[in-house]
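Below is one structure; the comments refer to it alone.
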Amino acid sequence: MALSIYNSFSRKKELFEPITAGYAGMYVCGPTVSGESHLGHARPYITFDIVNRYLQFKKLKVRYVRNITDAGHFEEEGREAEDKVSKKAQLERMEPMELVQKYTNLFHWAMKQFNCIEPSIEPTATGHIVEQIGMIEDIIAKGYAYAINGSVYFDVKKYAANYDYGKLSGRVLEDLIDAGNREVVSRDLEGQNEKRDTADFALWKSAPPEHIMRWKSPWGEGFPGWHIECSAMATKYLGANFDIHGGGMDLLFPHHESEIAQSTICNHSAPAKYWMHNNMITINGRKMGKSYNNVIKLTELFSGSHPLLSQPFHPMTIRFFILQSHYRSPLDFSNDALLASEKAFKRLWEAFEVLKNLSSENNEIASDKELDEKINNWLNEFELFMDDDFSSPKVIANMFELSPLINSFKDGIIPIKSISHHTLHLLKEKFKFFLEDIFGLISIDSNNNQILNPVMELLLDLRKEAKLKKDFATSDKIRNQLTAMGFVIKDEKDGGTSWGIG
RNA sequence: GGUCCUGUGGCCGAGUGGCUAGGCUAAGCUCUGCAAAAGCUUCUACAGCGGUUCGAAUCCGCUCGGGACCUCCA
């Protein structure tokens with residue numbers, strides 16, 4: 001009954017105990033809306049959607065905060081400071097906020113396709129400049145940041161002297177400084193090295209004249225550093241201490257490490273009790289990311305317009321594909337893997353539909369005690385597996401154990417009275433609950449077409465008549481032509497006929 | 001170079017030392033007018049070497065391979 005979560009901070013599975021009984025606060029690093037979301041982005045948002053749903057199932061009132069990074073991320077380390085968002089905006093001849101709005105809308109659309117529940121609060125970085133400035137002022141006042149040439153940097157060395165810097169990501173300060181020095185030397189000799197130390201990170205950056213996105217601050221016009229936005233917004237909406245902070249593994253360092261440092265100075269404690277990080281989606285064994293030029297955008301996935309894709313893939317196929325592996329394992333993408341997921345999901349969903357229509361004989365006692373018990377065990381494990389750090393693949397495996405049984409009940413291969421009506425009821429209830437409410441999966445096909453339904457009924461009726469007259473030429477013609485059009489015709493064991501698309 | 005993760009059958013993927021996850025593909029069988037669907041069965045996996053153990057895919061060591069982070073990145 002107790003939920004355990006793998007905490008990246010302790011590198012152990014820990015029992016989840018909410019800070020305030022009955023409530024859970026969760027902050028998840030949201031997208032940078034300077035471009036279209038790709039398959040890699042789908043993973044954290046689907047993963048934490050499941051977490052959100054499951055926490056609610058555990059009777060917790062969840063406040064789920066997921067930000068929109070619409071100020072762009074800024075390059076540092078001696079290279080010309082450049083806002084990605086404003087750079088791209090010039091290329092596309094759009095206002096920065098227009099661009100940001102476009103990709104925000106697209107992101108929301110994609111989340112809807114995936115049937116992700118909206119976060120409780122979705123704050124934007126540009127909407128919280130005041131809070132960020134306030135936090136920076138606080139850090140300066142406490143002596144852990146310094147302003148220079150209109151920019152403000154966090155003093156990592158000083159922080160590390162008094163606190164444990166690098167604990168989350170397993171880093172040692174000296175290594176960082178060494179690495180930083182190497183970078184500067186190899187990358188850019190004439191970079192304006194205004195930072196006291198290479199390990200320091202920016203809280204506020206002075207904006208060069210061509211920079212479009214800029215705000216007034218005590219240090220001059222500029223824009224906030226990357227890490228401060230999450231700290232400011234998380235603190236504002238979840239308080240100094242909240243339960244879960246989530247994001248992709250690639251954010252461990254420097255992003256989350258820096259968040260911890262900032263919050264520790266301002267709020268005297270690390271922000272989150274549990275840190276959760278999902279692993280990457282890889283493609284040919286390599287992380288999918290802009291830098292590798294190997295991304296498959298979500299729109300391409302849904303439409304099938306990509307050289308690596310043989311066909312369009314339904315958002316639910318993607319969701320199922322992601323759920324079939326554990327969120328902390330790397331997941332390798334391929335067209336074949338998606339095809340396999342598509343087929344598997346279809347089969348599972350069909351069993352679910354069959355299950356809905358099963359009816360028991362109201363027998364209190366199962367005629368096959370062993371089977372009855374087996375089914376109850378599989379069902380009980382649904383929750384046990386999810387309690388064990390959200391092991392969705394195991395739950396799905398159990399569902400696949402149950403599917404042939406469900407089909408056998410329907411076909412009469414196994415009599416329905418083998419299990420008690422109570423077990424059947426539980427089977428229906430849990431299957432539906434975990435599939436729809438926890439996993440957030442919805443039907444993939446659109447059989448409820450108002451215009452098509454009567455037409456299909458007519459055709460199948462004609463075919464049935466032909467079959468009765470043993471006029472197989474006619475019945476096969478109807479079936480074959482429908483098949484050619486993309487319909488699947490299934491003759492059921494009970495004499496009826498069902499149909500589907502694809 | 002540093003830190004960390006990882007290597008499972010044709011493919012994708014679970015695996016808490018002992019009791020063959022699961023899915024996809026393929027083959028066979030049952031059912032069926034034929035097919036599809038469904039059901040059943042089969043395809044004998046744990047990178048290599050050594051160690052601990054009564055017993056290891058699972059723990060330890062070494063070797064080889066892959067990856068992530070150290071720079072924007074989910």
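- Checking A:T474 against A:D471 by side-chain atom types alone, a donor-acceptor pair falls below 3.5 Å.
- Atom CZ of residue A:R43 and atom CZ of residue A:F48 lie 10.5 Å apart, to the nearest 0.5 angstrom.
- Stacking between A:Y45 and the base of B:A74 is absent under the criterion of ring centres within 5.5 Å and planes under 30 degrees.
- Side chains of A:T282 and A:N284: a donor-acceptor N/O pair is absent below 3.5 angstrom, by distance only.
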>> At under 4.0 Å between heavy atoms, how does the protein contact nucleotides 23-30 of chain B? Give one character per nucleotide, 5' to 3', with B, S or -.
In response: SSS-----
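- The main-chain N or O of A:D389 is found under 3.5 Å from a side-chain atom of A:H326 such that the two form a donor-acceptor pair.
- A:L252 comes within contact range of no nucleotide atom at all, as no heavy-atom separation falls under 4.0 Å.
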Just distance, no hydrogens or angles: give the donor-acceptor pairs under 3.5 Å from side chains in residues 402-411 of chain A, sequence neighbours left out.
unit_1: A:S403; atom_1: OG; unit_2: A:M399; atom_2: O; d: 2.9
unit_1: A:N407; atom_1: ND2; unit_2: A:S403; atom_2: O; d: 3.4
unit_1: A:S408; atom_1: OG; unit_2: A:P404; atom_2: O; d: 2.8
unit_1: A:K410; atom_1: NZ; unit_2: A:E492; atom_2: OE1; d: 2.6

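- Pair assignment for B:U30: B:A38, on the basis of Watson-Crick or G-U wobble contacts that are both within less than 3.5 Å.
- Checked against B:G33, B:G2, B:A74, the side chain of A:S475 finds its nearest nucleotide in B:G33.
- Listed by residue number, A:N278, A:N279, A:M280, A:I281, A:G285, A:R286, A:K287 are the residues of residues 277-287 of chain A with a heavy-atom contact under 4.0 Å to RNA chain B.
- Between the base of B:A36 and the side chain of A:R479 there is no donor-acceptor pair shorter than 3.5 Å.
- Partners of A:Y274 by ring pair (Phe, Tyr, Trp, His ring centres under 6.0 Å), not counting sequence neighbours, listed by chain and number: A:F16.
- Applying the Watson-Crick and G-U wobble criteria (two distances, each under 3.5 Å), B:C46 pairs with nothing in any strand.
- Between the side chains of A:D70 and A:T126, at least one donor N or O sits under 3.5 Å from an acceptor N or O.
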Between protein and nucleotides 6-9 of chain B, what N or O pairs are separated by less than 3.5 Å?
none

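- Residues meeting the ring pair (Phe, Tyr, Trp, His ring centres under 6.0 Å) test with A:Y292, sequence neighbours left out: none.
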